[in-house]
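Report on the following structure.
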2 protein chains.
Amino acid sequence: MRPGRTTPFALLGMLRLGPQSGYALRRELSAAAGLFWSESYGQIYPGLRELTRRGWAKRRVERGAGGGPRGRVRHRYEMTPKGARALQAWLALPPRRSAPRDELLLKLYLGDRDTVDAPSGWVRRLLLEETDRLRQVRRMMEILPRGTHAHRSLRHWLMALEFVERQSEASVAWCQRTLSTLELMQEANARRRTALQRRSPME
Amino acid sequence: MRPGRTTPFALLGMLRLGPQSGYALRRELSAAAGLFWSESYGQIYPGLRELTRRGWAKRRVERGAGGGPRGRVRHRYEMTPKGARALQAWLALPPRRSAPRDELLLKLYLGDRDTVDAPSGWVRRLLLEETDRLRQVRRMMEILPRGTHAHRSLRHWLMALEFVERQSEASVAWCQRTLSTLELMQEANARRRTALQRRSPME
DNA sequence: CCATACATGTAAAGGGTTACATGATTAA
DNA sequence: TTAATCATGTAACCCTTTACATGTATGG
């Protein structure tokens with residue numbers, strides 16, 4: 001399997017904490033690692049099929065209360081010993097870094113000297129999002145040691161969260177600084193405009 | 001055009017600084033914005049074709065020194081007024097954030113309590129990369145104001161670079177802290193192993 | 001009865017990288 | 001002459017999101 005295929009391994013990694021349905025897998029992954037990893041159903045269900053095809057997971061079909069032919073069908077996936085070995089091998093491989101792609105920064109770079117209003121709106125939105133993210137990650141780091149969440153290593157989990165925390169702190173600081181710079185530029189633009197108007201009035 | 005299509009607009013944005021060939025476009029984009037944006041040829045050439053198809057850029061075919069039917073063919077793209085309007089409209093749109101996807105953090109989270117050696121190697125590598133990145137961005141921020149690089153707004157460019165700087169600083173700090181934590185865990189593991197060995201020696 | 005969460009999936013479209021293929025120009 | 005850089009492009013694959021489709025169980 002190519003090193004790019006991370007989704008099946010992410011699922012396998014979550015299965016190590018116990019057998020789960022596709023739906024629950026996504027919920028747990030997003031609750032535990034949503035701040036630094038995300039998966040959509042369009043990847044999860046095909047990914048689970050691939051795991052069973054490779055013999056890395058077994059699928060058990062369970063039926064709801066009725067037990068008969070009708071009623072809700074639920075698939076519970078369980079990691080096999082072969083899957084555990086595959087996961088260990090993948091975990092030992094060095095992680096791939098993704099190429100940098102930040103559309104906000106690109107737009108900032110490509111923008112004009114006098115394009116100030118739109119960017120300041122984006123930065124303000126980013127500030128709100130990152131502030132919230134920071135609140136989230138700090139709350140998680142606080143409750144995790146007392147909590148009952150299943151995990152393989154609390155320390156490693158906290159390390160990952162600490163990375164998110166530091167990145168968010170940096171983002172927040174940048175937003176605040178950038179916002180004040182943009183404000184100064186807005187004022188300068190406004191002065192420039194009134195000066196031009198005085199020289200060549202429209203009225 | 002769907003909001004996801006950023007590549008053609010990135011190209012258009014670079015064309016605003018002057019007519020360029022596809023090859024030069026990539027070189028310039030990577031030199032100016034490579035720290036926060038990247039494009040590969042697999043996107044650039046189809047992207048340029050799309051720009052001409054939409055009438056946002058004009059393609060001029062130039063021939064090398066010979067001038068005859070043989071010799072190197074070079075395509076120089078030039079933004080049209082229509083392209084300028086399309087770019088302005090796109091620039092005004094709020095930037096899309098990409099979903100968080102950090103494989104290092106995922107592997108950290110999915111890893112075992114006793115899996116310490118591999119991660120510390122990755123973190124050490126990241127520390128080197130981020131230190132280098134920090135050097136690069138600081139050098140750029142220093143020489144840019146004196147330099148002769150074409151740009152639309154030096155201030156906006158510096159803002160984008162400052163974001164990269166802060167993110168890299170945060171990464172470096174995290175790497176250092178995490179490395180020392182991992183070292184402590186390694187020592188604890190080693191102690192645990194020798195203690196086990198003392199109780200049940202292999203010899 | 002209604003909204004929400006549980007639950008499983010598919011199809012289409014698009015986004016993006018990598019490897020391949022080919023050759024000209026230029027400086028050492 | 002040889003290596004690096006300039007230059008253009010394609011094909012194959014893979015990754016990913018989004019929208020759609022369908023229904024059950026549960027709590028208010």
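Throughout, a chain's letter reflects where its sequence line sits, starting with A, and its residues are numbered from 1. As a basis for the values below, the full set of heavy atoms in this structure was taken, side chains included, without hydrogen atoms, waters or symmetry mates.
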TODO: Let me know the distance between CZ of B:Arg27 and P of D:dA4, rounded to the nearest Å.
DONE: 18 Å
- [ ] Rounded to the nearest angstrom, tell me the gap between atom OH in B:Tyr41 and atom P in C:dC20.
- [x] 17 Å
Task: Nearest-nucleotide 5' precedence on DNA chain D, B:Tyr45 against B:Arg101 - done: B:Tyr45
With a cut-off of less than 4.0 Å, is there a side-chain N or O of [X] near OP1 or OP2 of [N]?
X	N	value
A:Thr7	D:dT16	yes
B:Arg49	D:dT10	yes
B:Arg59	D:dG9	yes
A:Gln43	D:dT17	yes

Which nucleotide in [options] has an atom nearest any side-chain atom of [X]:
X	options	result
B:Arg74	D:dT8, C:dT17, C:dA7	D:dT8
A:Tyr23	D:dG9, C:dG9, C:dC6	C:dC6
A:Ser40	D:dT17, C:dG15, C:dT8	D:dT17

- [ ] Return yes when atom CZ of A:Arg101 has more than 12 non-hydrogen atoms of other residues, nucleotides or ligands closer than 6.0 Å, and no otherwise.
- [x] yes
Task: Heavy-atom neighbours of B:Arg155 CZ exceed 12 at 6.0 Å - done: no
Open item on the list: Taking the six-membered ring of B:Trp174 as reference, does the cationic atom of B:Arg177 (NZ for Lys, CZ for Arg) lie under 6.0 Å from its centre and within 45° of its axis?
Closed with: no
Open item on the list: Under a 4.0 Å threshold between the charged nitrogen and the carboxylate oxygen, would B:Glu165 count as salt-bridged to B:Arg133?
Closed with: no
